[in-house]
Amino acid sequence: MVKAYTQEYTYKHPWERVTSASWKKFADPENKRTLSHILEVDTLNHKLDPSTGKLYTTRAITVHSPGPWFVRKIVRQDVCHCVESTVVDAKARSMQLTTNNISLEKFIEVEEKIRYDPHPENPDGWTICRQETSIRIKPLSALASMAEKVEQRCAERFVQNSAKGREVMERICKYLEAESKGLARS
């Protein structure tokens with residue numbers, strides 16, 4: 001079984017501000033409480049392709065293992081390591097992030113895709129965020145009802161954490177907006 005869901009959210013901020021907030025989301029110590037499931041984020045590499053102008057970045061993200069306590073007990077691990085690959089195309093005003101777990105993959109596969117684009121109704125003022133997440137519990141597939149319950153619980157946790165992430169992004173966007181207005185007055 002695979003539990004998949006999609007979410008859309010409109011930031012009432014321009015694309016440049018929202019994507020800037022995305023980079024700052026994990027770095028701001030003020031957000032540690034809200035994003036307490038994120039333990040560590042390290043940039044592994046980044047490359048700017050001079051021919052296309054696209055920025056490619058890879059980050060390692062360590063999180064508290066998702067799912068119910070009994071699953072963490074079975075897998076004997078409280079943390080999960082993930083890799084996030086990001087492509088930013090400033091010319092097209094598009095930012096795409098794909099995150100996959102690289103630990104616990106014998107038990108669970110999680111893929112999260114997030115895309116930030118200018119909103120079609122207000123491309124210079126708003127940004128649309130589209131998030132797709134799929135969760136697949138592997139060893140429990142023989143016990144389909146159990147696997148479905150675990151996948152559902154994991155999905156609920158991802159939805160909660162997504163809301164926390166949007167809250168942090170909104171806070172950073174407002175800070176960046178205030179900062180830019182302060183600079184404009186100077």
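- The line from NE2 of H46 to CG of L44 is 11.5 Å long, rounded to the nearest 0.5 Å.
- Taking both residues in full, the closest heavy atoms of S20 and L176 are given as OG-CD1, 3.7 Å, listed atom of the first, atom of the second, then distance.
- Between atom CD1 of residue I172 and atom OG of residue S22 there is a gap of 8.5 Å, rounded to the nearest 0.5 Å.
- Residues forming a salt bridge (charged side-chain N to carboxylate O under 4.0 Å, His left out) with R171 (at least two apart in sequence, or on another chain): E30, E167.
- Taking 4.5 Å as the limit, every side-chain heavy atom of V83 sits out of range of all side-chain heavy atoms of T99.
- Residue E84 holds its CD atom at 9.5 Å from SG of C82, rounded to the nearest 0.5 Å.
- Note that CD of E105 and NE2 of H81 are 10.5 Å apart. Values are rounded to the nearest 0.5 Å.
- Looking only at side-chain heavy atoms (C-beta outward), R115 and D117 come within less than 4.5 Å of each other.
- Considering only heavy atoms from C-beta on, V168 stays 4.5 Å or farther from E170 through its side chain.
- Think of Y56 as one node in a network of Ile, Leu, Val, Met, Phe, Trp and Tyr side chains linked at under 4.5 Å; its network also takes in V87.
- Grouping Ile, Leu, Val, Met, Phe, Trp and Tyr residues whose side-chain heavy atoms lie under 4.5 Å apart, directly or via other members, places V18 in a hydrophobic cluster with Y9, Y11, W15, W23, L48, L55, V88, M95, L97, I114, Y116, M169.
- Side-chain N or O atoms of T43 include none that pairs as donor or acceptor with a backbone N or O of N45 at under 3.5 Å.
- Under a 3.5 Å cut-off, the side chain of N31 and the backbone N or O of K25 do form a donor-acceptor pair.
- By the salt bridge (charged side-chain N to carboxylate O under 4.0 Å, His left out) test, E16 pairs with R93, sequence neighbours left out.
- Every residue was checked against the salt bridge (charged side-chain N to carboxylate O under 4.0 Å, His left out) condition with D42, not counting sequence neighbours, and none meets it.
- For V41, the side chain to side chain contact (heavy atoms under 4.5 Å, CB included) partners at least two apart in sequence or on another chain are F26, I38, R59, I61.
- Taking the charged nitrogens against the carboxylate oxygens, K113 and E132 have no contact shorter than 4.0 Å, which rules out a salt bridge.
- With contacts defined as side-chain heavy-atom distances shorter than 4.5 Å, the pair H13/K174 qualifies.
- Here C173 contributes atom SG and E179 contributes atom CD; the two are 12.0 Å apart, rounded to the nearest 0.5 Å.
- Side-chain contact between I128 and P118 is absent, with no heavy atoms from C-beta onward closer than 4.5 Å.
- A side-chain donor-acceptor contact under 3.5 Å links N101 to the backbone of V110.
- Counting heavy atoms from C-beta on, the side chains of Q160 and S162 never come closer than 4.5 Å.
- Side chains of Q7 and V159 form a contact here, defined as non-hydrogen atoms less than 4.5 Å apart.
- At least one side-chain heavy atom of S180 sits under 4.5 Å from a side-chain heavy atom of R17.
- Expressed to the nearest 0.5 Å, how far OG1 of T58 lies from NZ of K47 amounts to 10.0 Å.
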